[in-house]
**Student:** 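Would you mind keeping the following structure in view while I ask a few things?
Positions are given from 1 along the sequence. Counting starts at 1 for both ligands and their atoms, in listed order. Please read all numbers here as calculations on a predicted model, not as lab measurements.
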Amino acid sequence: MQDKIEEIMEAARAHKDLYEHALPMIASENITSGAVRKLLASDLSHRYAEGDVGDRFYQGCKYIDVIEGKAIEYAKELFNAEHVNVKPISGVNANIATLFALTSPGDIIMALSVPEGGHISHAKYSVPGIRNLKLHEFPFDPKEMNINVDAMVREIKEKKPKLILFGASLFLFPHPVQEARAAADEVGAKIVYDGAHVLGLIAGKRFQDPLREGADVVTSSTHKTFPGPQGAIILCKRAVKDEIDEAVFPGTVSNHHLHHVAGLAVTLVEMMQFGEEYAAQIQSNAKALAQYLYEDGFEVLCEHKGFTESHQVAVDVRSFGGGDRVAKKLENAYIIINKNMFSYDKSPEKPSGIRLGVQELTRLGMKDSEMREVASLIKRVVIRGEDEKRVKEEVIALKKDFCNVRYCFDDGNAYKNLVV
Ligand SMILES: *Cc1c(COP(=O)(O)O)cnc(C)c1O
């Protein structure tokens, strides 16, 4: 039996070794500070605390109350939110709760389709389907990589949705929340903004401010550009707080993950202190990487409008064999990215593109000159077809100086102190 355990430990060690030496560029990931890692391994991970701060169904929660109370207080302050719920255990969980809270079966909602950037939880085979909603897709302009504003306003008035769901997984430019608000009011629609990818940018006052632009609810994961533990958060207007809270607990969560809530509270403090600097550096790194890849001969989307305003860069790699082939070649060189569908794609397995995220490299301290190097390493694998093993050695050499987590109070080596 011991060897079965050792096998798992060994895989975890090998995984750490891979990430210590690789360039992690999956746009939905990040790395946490030392304080957060300690909390994730703490006794909080063993406990139950159903209920609310000061009103639990279990004994032994007095310190958990302190932690959850602070997480809520800091999130209200950082995001200037009227109400906060820190219990959803993932972004999809937050979307399930919110869509169940604000719609009834048969209602019409508007959201982006998956090939146009929407998340699977916005699609008919996920939450809208389970809730029996009629899904109407936003009119999308692939050249601008954004929702077509005039057509959207027309369609809101015509279709009269109950809920308008903004936000995306391929998310280069801010969505037209402000532009939708008047039409939404006219037909009585609620606006939900799924900020899973961009919450760290919003925390740093970049990208957009959905609550000020007219969103009733913001749902989000807490581990993408927001560099916290895996989990989720809901920010909302006071007017919908009771429906939202009930749909979370007891609706769709029994025990929330208390070690993650503690890690979230710490990350909120980190973002209060360092968030603006961090978000600005992410945006500037993404633009720099896009520009260098473009100059190196890649078909980077949206050159005419500065490529991106987020942490993401989208590249059409059909001329190099498509997203699947390119992503696998880059993995051999220790550059970890994902294939991605664009609006003209039919197959999620063989899409045209790749999506690159710079948020984790930014948190590890990379700036403009490293973006130049990263672009060049990508070019050597994908365009020049150089031996991936050779490029891998240079990736490892570049990564060596970027193993400390920045924008936090305990800038330590992210890999050295891990048990595995
Ligand atoms: C990643 C993502 C989610 C889901 O988040 P999980 O935390 O993985 O459940 C929801 N919405 C969007 C737009 C996303 O990109």
Side-chain angles (χ1 to χ4, degrees), residues 24-32 40 85-100 102 109-131 135 137-138 140 145-147 163-175 177 191-202 207-208 210 215 217-235 247-248 252-253 256-257 259-261 263-264 267 282 308-314 337-342 348 351 353 355-357 359-360:
M25 299 184 74
I26 303 284
S28 56
E29 298 178 352
N30 217 313
I31 190 159
T32 50
L40 292 180
N85 189 311
V86 295
K87 293 185 170 74
I89 56 171
S90 86
V92 170
N93 184 189
N95 285 344
I96 293 169
T98 300
L99 264 65
F100 273 66
L102 303 181
I109 71 159
M110 279 176 89
L112 265 185
S113 78
V114 170
E116 290 167 337
H119 187 253
I120 43 173
S121 62
H122 305 184
K124 62 175 182 301
Y125 42 80
S126 179
V127 193
I130 295 167
R131 185 58 166 163
L135 186 60
E137 284 163 4
F138 278 119
F140 188 76
M145 284 302 283
N146 210 335
I147 295 161
L163 186 149
I164 302 166
L165 179 56
F166 287 107
S169 297
L170 179 61
F171 204 179
L172 301 175
F173 300 101
H175 276 171
V177 178
I191 294 182
V192 177
Y193 182 97
D194 179 345
H197 263 274
V198 293
L199 190 72
L201 301 175
I202 293 170
F207 200 66
Q208 69 186 128
V217 181
V218 172
T219 61
S220 185
S221 310
T222 50
H223 49 265
K224 297 186 181 181
T225 52
F226 187 88
Q230 292 197 334
I233 192 166
I234 301 177
L235 318 170
V248 175
T252 52
V253 176
H256 50 308
H257 295 175
H259 49 323
H260 290 239
V261 172
L264 171 63
T267 315
I282 288 176
T308 180
E309 294 294 325
S310 76
H311 59 304
Q312 299 182 359
V313 176
I337 60 119
N338 64 272
K339 60 185 171 190
N340 215 97
M341 289 176 93
F342 294 151
R355 184 187 66 171
L356 313 171
Q359 70 295 335
E360 188 170 344

**Student:** Does ligand 1 come near enough to D194 that some N or O of the ligand is less than 3.5 Å from an N or O of the residue?
**Tutor:**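 So ligand 1 has an N or O lying under 3.5 Å from an N or O of D194.
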
**Student:** Does ligand 1 have an atom under 4.0 Å from some heavy atom of G167?
**Tutor:**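 In this structure, G167 fails to qualify as a contact of ligand 1 - no heavy atom is under 4.0 Å.
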
**Student:** Which atoms of ligand 1 have any heavy atom of S169 under 4.0 Å away?
**Tutor:**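 Those of ligand 1 that fall under 4.0 Å from S169 are 12 (C), 13 (C), 14 (C), 15 (O).
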
**Student:** For the residue pair L135 and K124, what are the closest heavy atoms and their distance?
**Tutor:**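 Taking L135 first and K124 second, the nearest heavy atoms are CD2-N, 3.6 Å.
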
**Student:** Below 3.5 angstrom, do we get any N/O pair linking G91 and ligand 1?
**Tutor:**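 Min N/O separation from ligand 1 is below 3.5 Å for G91.
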
**Student:** Is there a polar contact, in the sense of an N or O pair closer than 3.5 Å, between S221 and ligand 1?
**Tutor:**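 Yes.
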
**Student:** Number the atoms of ligand 1 from 1 as they appear, then name those within less than 4.0 Å of a heavy atom of A196, with their elements.
**Tutor:**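 This gives 2 (C), 3 (C), 10 (C), 11 (N), 12 (C), 14 (C) as the contact atoms.
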
**Student:** Please state whether Q230 comes within less than 4.0 angstrom of ligand 1, counting heavy atoms only.
**Tutor:**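 So Q230 does not count as touching ligand 1.
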
**Student:** Minimum heavy-atom separation for N146 and H175, please, with both atom names.
**Tutor:** OD1-CD2, 3.2 Å

**Student:** Can you see which heavy atom on R355 is nearest to which on A27, and at what distance?
**Tutor:** NE-CB, 3.6 Å

**Student:** Please test D194 against H122 for side-chain hydrogen bond (donor to acceptor under 3.5 Å, both in side chains), starting from the C-alpha separation and ending with a verdict.
**Tutor:** CA-CA 10 Å; D194 179 345; H122 305 184; 2.8 Å; yes

**Student:** Which class fits the ring pair F166 and F138: parallel under 30°, tilted 30 to 60°, perpendicular over 60°?
**Tutor:** parallel

**Student:** Does any N or O atom in V92 lie less than 3.5 angstrom from one in ligand 1, N or O only?
**Tutor:**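 Yes: some nitrogen or oxygen of V92 is under 3.5 Å from one in ligand 1.
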
**Student:** Looking only at heavy atoms, which two atoms of L170 and M341 are closest? And how far apart?
**Tutor:** CD2-O, 4.0 Å

**Student:** Please list, in number order, the atoms of ligand 1 under 4.0 Å from a heavy atom of H197.
**Tutor:**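 Counting from 1, the qualifying ligand atoms are 15 (O).
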
**Student:** Which heavy atom in S126 sits nearest to a heavy atom in S121, and how many Å separate them?
**Tutor:**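 Closest heavy-atom pair between S126 and S121: OG-CA, 3.3 Å.
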
**Student:** Among all the protein's non-hydrogen atoms, which is closest to atom 2 (C) of ligand 1, and how far away is it?
**Tutor:**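 Result: K224 NZ, 2.4 Å.
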
**Student:** Does any N or O atom in S90 lie less than 3.5 angstrom from one in ligand 1, N or O only?
**Tutor:**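 Yes, there is a polar N/O contact under 3.5 Å.
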
**Student:** Heavy atoms only: give me the nearest P128-A123 pair and the separation to one decimal.
**Tutor:** CD-O, 3.1 Å

**Student:** For atom 8 (O) of ligand 1, find the nearest protein heavy atom and state the residue, atom name and distance (0.1 Å precision).
**Tutor:**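 Checking every protein heavy atom, the shortest distance to atom 8 (O) of ligand 1 gives H223 NE2, 4.3 Å.
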
**Student:** Side chain or backbone of A232 under 4.0 Å from ligand 1, or both, or neither, by non-hydrogen atoms?
**Tutor:**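 Answer for A232: neither.
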
